[in-house]
Each structure stands twice: as structure tokens, then as C-alpha cells.
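Single-structure report; data block below.
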Amino acid sequence: MYLDVDYKDNKVMIKDIKNFEPQHIFECGQCFRWDKEEDGSFTGIAYNKVVNVKKIGADVVFRNTAKEDFINIWTKYFDLGTDYSHIKDRISQNDKVMQQAVAFGRGIRILKQEPWETLISFIISSNNNIPRIKRSIELLAEGYGEYLGEFYGKKRYGFPSAEILSNLSIEELKACNTGYRASYIKNTASMVVEAPTALEELKGLEIEACQQKLLGYQGVGPKVAHCILFFCMEKMEAFPVDIWVKRVMEHLYFHKEIPPKVIQQFASEKFGEYAGFAQQYLFYYARESAIGKK
DNA sequence: CCCCAGGCAGTTA
DNA sequence: TAACTGCCTGGG
């Protein structure tokens, strides 16, 4: 993928970028630490760094970052080496439903997120809604994450380490609005502290083995495991079936109720190595247009 | 007031 | 292994 990148002082611009719409990327449900600013840009935190993204015409500007970090961190994080036109063509071949979903979320990119933060974030996501998930994670970061300075008039904090979370009491975790998931967070944090490299090493496993390991962390079931596989373990064939994807696929493909496992099997056969991308376009399309919502 | 939200763990049969 | 049930909590 050729990119026309221009590095300036603490600012990076990519000219005439394809398949990159901040709104789609940050509001398609994959991430919880990106927020819209009043000027329409988005500020996010990853790798204990604060970065701001704004689309200006056909160009995209990354602020608060310079060449070194951009090359070492953000190029991969924003998946800039992947050809999304190719992916979209493949999954929407002979599929009118997917053509619509892809047109709707045309600027989606799957962020390559950090395993530890993703693990905890998606444990928090279970039986929860997005504003509450974001609020919980924010409270954890404000209370126990590294202070990263002020940006856009707001104090910013990194995501707290496994060591720190494992040492919190259940009460302290519950004070971050995590509810009954507090014990899952504490247990999982302790497991990660016990075997610090185990989580990162899961990337090297095949998807089934990787999933089995993830299910070993408390609070991780089939759906959460697939989110983790897709968002930070580079298993792009993963296909999380949540309530929205279940609804939209029943509504648009099956026209009747179907068990999640059957939906997953169907998606795996239909979309193969790109199943996760298909899921993300469908999820965003379904949520934003409330498709299948009774 | 009830219902639901990007499910999971624990218990039964 | 499938079916059930309880669960923090805030908004509709």
C-alpha cells in the first residue's frame, strides 16, 4: 500500500487516503478509548500515548505524534498496510446485504489494539452497553493509569497495568462501575501477572488454540474470545456473534431465529479469512440503522 | 415500574 | 452439552 506521508513537527499528514473515515473507525464499536472533540477530530489513547486524528477533505492529519512513533506504532495500529478495497470487494461479491453494509461503513479500519487492554475491555463489555463500558474504562484509567498530560483541555491517562489492577480490591474495581465483573478483572489480572508473556505469545497460535487459552481467563466466553482474537490477536477470520450481529444476520440472511454457533459457521464458510471484517461492517450497519431491532 | 445492554459463570437435567 | 438463571447498573 503506497501512502503519501508528510511529517511535520509533532504532526503527520497522509494525503488522499482511501478507506479511512474517523467516524466509522472510532464509532463502529471496536474501541472504547476514542472520543470526539468539538472540532470533529477524535482523540484516543493507546500505548500510553495520546493522539488526535482528523479527516480534512481527502487527507487525514494525526496530531501530537511525530515520525518515529508514527512509523513504529501508529502505522500498524491503524492497519495502514492493509488494502481495504480488496477486502470489501471480496466479502461483498454476490452479496447484496454486504454491499450495503460495506457502503455504509466504507471508512472502517480494524485497529490493532493492545492485548492486555483489549482483554479487560471486552470482559467489561459483557452484558453491558457502550457508554457504560467506556465510562468504566475511563474510571480505571483516571484512577490507576499513568498520567499522560493534558490534551484538548482534558487530563489524559493510560490504561492501568495488570500488576496494578491485580492489586486492587473488589470494592475499588466495583467503584469503577464494573459491577459483578470486578472479580473477573481481578482474577484475570492476577493470571496475567503470574504469566506476563503468555498473553502476547497467544498471537503466535492458531485460532482454535488461541481461543482455548483465552477462554481460560475468567470473564471470557465465546463472544468475548472472538472479539479479542479479532481486535488484538490478528485472527482476522474470527467472527464474534453478539446480539446485534445475530439479529442482523437473522433478519437479512436467514429470516428466522438461528443459534449463534450456526451463524458463526455460516460466516466462516461465506467470508473465510475475512469473516471478522464482514462482522464489523454488519455490526456497524445494524447498530446505526437499528436493523432487526424489535 | 419493567426491560435491555456487544454474555458469562454456575447449576441442573 | 443444552437449557436455565442471576448478575452490576444506568437509560429508555
Side-chain angles (χ1 to χ4, degrees), chain A residues 24-35 101 104-105 108 110-111 113 117-140 143 165 168-192 208 211-233 235 238-252 257-265 267 275-294:
Chain A
H24 299 171
I25 295 170
F26 304 125
E27 293 181 358
C28 72
Q30 64 178 322
C31 53
F32 304 108
R33 298 219 66 201
W34 284 86
D35 288 306
F104 186 83
I108 287 178
I110 303 305
L111 303 173
Q113 304 187 59
E117 177 176 336
T118 306
L119 174 61
I120 296 302
S121 297
F122 280 91
I123 286 174
I124 293 172
S125 81
S126 79
N127 194 24
N128 212 337
N129 56 52
I130 291 172
R132 274 182 43 86
I133 299 163
K134 290 181 76 165
R135 180 74 186 131
S136 284
I137 295 170
E138 199 57 36
L139 287 169
L140 285 171
L165 291 193
L168 296 182
S169 66
I170 299 293
E171 289 67 34
E172 287 170 316
L173 288 166
K174 281 188 174 172
C176 296
N177 291 357
T178 53
Y180 63 90
R181 305 164 196 85
S183 62
Y184 304 161
I185 295 170
K186 190 168 168 66
N187 288 345
T188 292
S190 300
M191 285 178 69
V192 171
E208 288 80 10
Q211 182 180 5
Q212 283 313 306
K213 294 283 188 187
L214 289 171
L215 292 172
Y217 293 103
Q218 202 183 13
V220 178
K223 187 268 175 184
V224 169
H226 271 261
C227 285
I228 298 169
L229 288 168
F230 185 55
F231 294 128
C232 67
M233 293 295 167
K235 303 292 180 261
F239 194 87
V241 180
D242 56 55
I243 188 70
W244 286 97
V245 168
K246 184 169 183 292
R247 274 188 208 147
V248 72
M249 290 193 73
E250 285 169 347
H251 187 73
L252 298 174
E257 211 178 319
I258 301 283
K261 274 207 138 179
V262 178
I263 293 176
Q264 201 163 55
Q265 185 60 32
F277 297 96
Q279 189 271 357
Q280 206 56 35
Y281 289 113
L282 275 176
F283 177 79
Y284 184 57
Y285 182 47
R287 266 197 67 94
E288 296 291 313
S289 11
I291 290 174
K293 190 169 183 181
K294 54 177 170 7

Partners passing ring-ring contact (aromatic ring centres under 6.0 Å, His included) against [X] (at least two apart in sequence or in another chain):
X	value
A:Tyr217	none
A:Tyr284	A:His24, A:Phe104
A:Phe239	none

Residue list, side chain to side chain donor-acceptor pair (under 3.5 Å) with A:Lys223, at least two apart or on another chain: none
- line: Nearest heavy-atom approach of A:Ser125 to A:Val224 is OG-CG2, 4.4 Å
field: Pairwise C1' distance, B:dC8 and C:dG11 [rounded to whole Å]
entry: 23 Å
- prompt: Which residues within residues 171-178 of chain A lie with some heavy atom under 4.0 Å of an atom in DNA chain B?
  reply: none
Checking all strands, does [X] fall into the base, sugar-phosphate, or nothing category for heavy-atom contacts under 4.0 angstrom?
X	answer
A:Phe231	base
A:Arg135	nothing
A:Ile130	base
A:Gln279	nothing

Partners passing salt bridge (charged side-chain N to carboxylate O under 4.0 Å, His left out) against A:Arg33 (at least two apart in sequence or in another chain): A:Glu138
- prompt: Does the side chain of A:Cys31 reach to within under 4.5 Å of the side chain of A:Phe26, using non-hydrogen atoms?
  reply: yes
Take the protein atom [atom1] of [X] and the nucleotide atom [atom2] of [N], then report the distance between them rounded to whole Å.
X	N	atom1	atom2	answer
A:Asn127	B:dA5	CG	C1'	6 Å
A:Phe32	B:dA5	CZ	P	15 Å
A:Arg132	B:dG7	CZ	P	13 Å

message: Counting Watson-Crick and G-U wobble pairs with both distances under 3.5 Å, what is the dot-bracket string for DNA chain B, 5' to 3', using [ ] for crossing pairs and | for pairs to another strand?
response: .||||.|||||||
query: Taking 5' to 3' order, which nucleotide of DNA chain C is first and which is last to have an atom within less than 4.0 Å of a heavy atom in chain A?
result: C:dC7 to C:dG10
statement: Scoring nucleotides 8-13 of chain B by protein non-hydrogen atoms under 4.0 Å (B base, S sugar-phosphate only, - none) yields SSS---
- prompt: Above 12 or not: heavy atoms from other molecules or residues under 6.0 Å from NZ of A:Lys213?
  reply: no
Short side-chain donor-acceptor distance under 3.5 Å, A:Gln264 and A:His226: yes
Partners meeting side-chain contact (heavy atoms from CB on, under 4.5 Å) with [X] (sequence neighbours left out):
X	value
A:Glu257	A:Lys246, A:Glu250
A:Ala182	A:Ile170, A:Leu173, A:Lys174, A:Thr178
A:Asn187	A:Gln218

query: Can you tell me how far the CD1 atom of A:Ile228 sits from the CG atom of A:Leu119, to the nearest 0.5 Å?
result: 4.5 Å
